[in-house]
2 protein chains.
Amino acid sequence: MQNVKDYIAQHKDRFINELIDLLKIPSVSADPAYNQDVLNTADTIKESLEKAGCDKVEICETPGYPIVYGEKIINPNLPTVLVYGHYDVQPADPIDLWTSPPFEPVIKKTDIHPEGAIFARGACDDKGQMYMHVKALEYMTHTGNLPCNVKFMIEGEEEVGSESLAWFVPRNKEKLANDVILISDTGMIANDIPSITTGLRGLSYVEVEVTGPNRDLHSGLYGGAVANPINILTQMIASLHDENNHITIPGFYDKVEELSREERDEMAKAPFSLEDYKAALDIDDVHGEAGYTTNERNSIRPTLDVNGIWGGYTGEGAKTVIASKAYAKISMRLVPGQEWEEITELFKKHFESIAPKSVKVEVKPHHGGQGYVTPIDNTGYQAASKAYQETFGVTPIPQRSGGSIPIVALFEQELKSKTILMGFGLNSDAIHSPNEHFGVWNYLKGIETIPYFYQYFTELSK
Amino acid sequence: MQNVKDYIAQHKDRFINELIDLLKIPSVSADPAYNQDVLNTADTIKESLEKAGCDKVEICETPGYPIVYGEKIINPNLPTVLVYGHYDVQPADPIDLWTSPPFEPVIKKTDIHPEGAIFARGACDDKGQMYMHVKALEYMTHTGNLPCNVKFMIEGEEEVGSESLAWFVPRNKEKLANDVILISDTGMIANDIPSITTGLRGLSYVEVEVTGPNRDLHSGLYGGAVANPINILTQMIASLHDENNHITIPGFYDKVEELSREERDEMAKAPFSLEDYKAALDIDDVHGEAGYTTNERNSIRPTLDVNGIWGGYTGEGAKTVIASKAYAKISMRLVPGQEWEEITELFKKHFESIAPKSVKVEVKPHHGGQGYVTPIDNTGYQAASKAYQETFGVTPIPQRSGGSIPIVALFEQELKSKTILMGFGLNSDAIHSPNEHFGVWNYLKGIETIPYFYQYFTELSK
């Protein structure tokens, strides 16, 4: 398949420009203001799949944003790969921290990306990584190198919980029938240390509202006598961790899968420098659960983080007010074994129980998903491993990720097939952060590697 | 002085309309966006003082917003009353909780104000109460009832710490020389229970910033391994109170003036219904320092309240991010004995000391002021008491207020004279809150009462 390199060299500029055009559409699913942009992005994906060689492409309506489905069936007796990705992106704020506008993509060189990286919201998560699959399909169909059947399912609500996908999948099991699910929505350790994600964390995301007095009050006339909902909220949130940074919600750890010493020793072999890690984040110390290393804390252990907090006067200068309400968005990363709906319920019950009588508390569940693990003896994993060996020249390291792709567990449950997470992004790509970017080298390397997965998966499936 | 009632009846509509025009100018000193409006308000005050009969009125420049000074000297041998007030107002947000626009005054009837109340930001604090003095002067000068000399000093930075006034007063001691300072910037217990404020709390206002990683991070990839500045901030703030709601800052209570059992028993005589208090605020329970009553907690005890908090994603929907920074505005109400600058320093030192190594903390002092107490055997207090008896028919109750008028302590120090706090507002007027209002009855009652203060103060000073 030497000609894949040539094909990429020949079409490189077009591949990059097509992605840049896709990144210009602000498909922020969390913000209703971008509704039309999200819908337009779905149309753009549909056209790109048709051009790439799918026989049948359709925009499937759902209760929320549509799912773009495409397929190329060459022989019912051959295996079928189902590619999943998402065309929606995270909100771009805080906008003022971006060095270039989030939806005006530019290519800039960085230390890690000497060949340049595309800076834009969604460059890596997930438009860039999803589009690698579209271009890989184009190569395979245009050069007669497609060895099996392929289906695409690209959704528009991944960043807000994939509710419509959870509605769609059980209703379309036959259409989505496959032998393996292929996703590029994770990262690898480094450009010279490829890795395949074998585990994902689950997620439970809630919003809490604490109400004190029925109106904002003068902090002089009422201060000290009335519960200040912001003070109370800080006390309630602070109490969710103990002095060892264990989460204090009763029952929270009951179903946590504990890894063996051997597994933890295996994990510890992945190259990691705590000094580089701290330097990259400009922090003097890391912070986490006692008894676990940094790489364990962010992958095999559950967490509780406040993702946003607000209340009272946040403008210029000073305002001596006791706010009527205080709010926080809180997410918990879960590990295999923990049921996200059960955790959400445990949180709600506990958070309401610790509220003093002087305030009212409301907990609104947002969304969530299950954790997931892929065994490395699985055919799909083996095919992926050989594909990386082919294009990177080294064997990829199996790695647990701290991130969540809630629908992966859903796929296994509904479609009875395993998911292979072939990620080509890097932790330093700043996904979900200002100045998100994706290396041009990584983008093209992904397009080069994916066809080998199809080849090896077809061979190993015989 | 029977004719004061007639004069008010005759000019009532004009008095109300003049105040309404004044309230239409959004003189928010905390927000630079309103800079020109604040300056325009000063000009309006200047004109009103000229019309009211001052011989000499000037706009005195300062490093900040100007101070409007006016005087009417009828005889150097007679006593001089210095009236202080402020023409700036608190920010109006949260705007969406106002039932009518904050700078479009309307008169609406309420249960407590059957004759109607003027709803607008600043209606009570302090434009309405300050303007009572301008109209009282008009009555006295236009009817030959001014018994002594009068000086006005109206500033534009009271809501942001009166820094320019603190600069102005020491530089103009001769111009401001007086026998008593008269201020209406406080409240009374009820329309049938007049009270005079004899004590004020001091204030220390700070802003804190907690910085974790150098950029916003994906909570899946980093969650659990890196200090989340919002979680840390909630833990730091929560630790500032112990389980008895005592403030934990070392040295915080060292100079607190403890009241005698007798004084506390005297205070307890003021009519108060905890049930009504809770009902008015729609809270199931009050909340405060163990060992003190509600009225003690909000007047003779120091407090620490978060006035605003923000960080991370606060928009629609969900964003799984670990913010780089978290912020809070924190104010401490202080009691006589506590030095505000010392308390600010104690807070800064303590807050920085409790920060874990995994974050960086910055404490920015905003402003502050000293607490204050007026003895009730003071001539000014006696004159005010007789004035209320004249117009309300009952003896006013001396009352400690939880609020702060930082410059009152400054006046005593620089001008060597006592301040009399004749307030005509009510706690229910919602100052600093949405839907601030001032009863028309209270406004006119203030205009009626003030001239009696001048009369009795002149007589008692002989």
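Below, chain A is the first sequence line, B the second, and so on; all start at residue 1.
- For P302(A), no part lies under 4.5 angstrom from a heavy atom of chain B.
- Of the atoms belonging to S433(A), heavy atoms from both backbone and side chain fall under 4.5 Å from chain B.
- With respect to chain B, the highest number of heavy-atom pairs below 4.5 Å among P213(A), S239(A), A225(A), G308(A) belongs to A225(A).
- Among N214(B), D216(B), T303(B), the residue making the largest number of heavy-atom pairs under 4.5 Å with chain A is N214(B).
- With a 4.5 Å cut-off on non-hydrogen atoms, Y292(B) does not touch chain A at all.
- Checked by atom type and distance alone, the side chain of N228(A) pairs as donor or acceptor with a backbone atom of I230(A) at under 3.5 Å.
- With hydrogens and angles ignored, the 3.5 Å screen pairs no side-chain donor or acceptor of T344(A) with any backbone N or O of S204(A).
- Counting heavy-atom pairs closer than 4.5 Å to chain A, the top-ranked of the candidates H218(B), E316(B), H367(B), H366(B) is H218(B).
- With respect to chain B, the highest number of heavy-atom pairs below 4.5 Å among I283(A), D282(A), I309(A), V359(A) belongs to I309(A).
- Only the side chain of Y205(A) comes within less than 4.5 Å of a heavy atom in chain B; its backbone stays farther off.
- Only the side chain of S331(A) comes within less than 4.5 Å of a heavy atom of chain B; its backbone N, CA, C and O stay farther away.
- In terms of heavy-atom pairs under 4.5 angstrom with chain A, the leader among G403(B), G288(B), A328(B) is G403(B).
- Contact annotation for S401(A): only side-chain heavy atoms (C-beta onward) come within less than 4.5 Å of a heavy atom of chain B.
- Contact of Q90(A) with chain B is made through the side chain alone, with heavy-atom distances under 4.5 Å.
- Comparing A280(B), P91(B), A326(B), S29(B) by heavy-atom pairs within less than 4.5 Å of chain A, the highest count is held by P91(B).
- Contact tally against chain B (heavy-atom pairs below 4.5 Å) for M236(A), K360(A), E207(A): the top residue is K360(A).
- With a 4.5 Å cut-off on side-chain heavy atoms, K329(A) and K319(B) do not count as touching.
- With hydrogens and angles ignored, the 3.5 Å screen pairs no side-chain donor or acceptor of N307(A) with any backbone N or O of T320(B).
- In this structure a side-chain-to-backbone donor-acceptor pair under 3.5 Å is present from R201(B) to G402(B).
- Using a 4.5 Å cut-off between heavy atoms, L304(A) touches chain B through backbone and side chain atoms alike.
- Of the two parts of A33(A), neither the backbone nor the side chain holds a non-hydrogen atom closer than 4.5 Å to a non-hydrogen atom of chain B.
- Between the side chain of H437(B) and the backbone N or O of N435(B) there is at least one donor-acceptor pair closer than 3.5 Å.
- Note: D93(A) leads D93(A), D31(A), T294(A) in heavy-atom pairs under 4.5 Å with chain B.
- Looking only at distances, a side-chain donor or acceptor of E157(B) sits under 3.5 Å from a matching main-chain atom of Y65(B).
- Contact annotation for R301(A): neither backbone nor side-chain heavy atoms come within less than 4.5 Å of a heavy atom of chain B.
- Contacts of A227(B) with chain A are made by both backbone and side-chain atoms, with heavy-atom separations under 4.5 Å.
- Residue Y327(A): no heavy atom, backbone or side chain, is found under 4.5 Å from chain B.
- Heavy-atom distances place both the backbone and the side chain of K357(A) under 4.5 Å from chain B.
- Contact detail for D125(B) and E159(B): the closest heavy-atom pair is OD2-OE2, 3.0 Å.
- Contact annotation for A318(A): both backbone and side-chain heavy atoms come within less than 4.5 Å of a heavy atom of chain B.
- Looking only at distances, no side-chain donor or acceptor of Q399(A) sits under 3.5 Å from a matching main-chain atom of I189(A).
- Within the 3.5 Å criterion, the main-chain N or O of D305(A) finds no donor-acceptor partner in the side chain of N231(B).
- By number of non-hydrogen pairs under 4.5 angstrom with chain B, the leading residue of A30(A), G220(A), G317(A) is G220(A).
- Using a 4.5 Å cut-off between heavy atoms, K278(A) does not touch chain B at all.
- Side-chain contact between I405(B) and Y372(B) is absent, with no heavy atoms from C-beta onward closer than 4.5 Å.
- For E163(A), the CD atom is loosely surrounded, since the number of other residues' heavy atoms within 6.0 Å does not exceed 12.
- For L203(A), the part lying under 4.5 angstrom from a heavy atom of chain B is the side chain only.
- Note: S219(A) leads P32(A), S219(A), G187(A) in heavy-atom pairs under 4.5 Å with chain B.
- Distance CG/N295(B) to CZ/F272(B): 5.0 Å, rounded to 0.5 Å.
- Listed options P434(B), S404(B), P229(B), G224(B) were ranked by heavy-atom pairs under 4.5 angstrom with chain A; first place goes to G224(B).
- Among the candidates G312(B), P94(B), G161(B), A238(B), the residue making the largest number of heavy-atom pairs closer than 4.5 Å to chain A is A238(B).
- The minimum heavy-atom distance linking I431(A) with R121(A) is given by the pair C-NH1, 4.5 Å.
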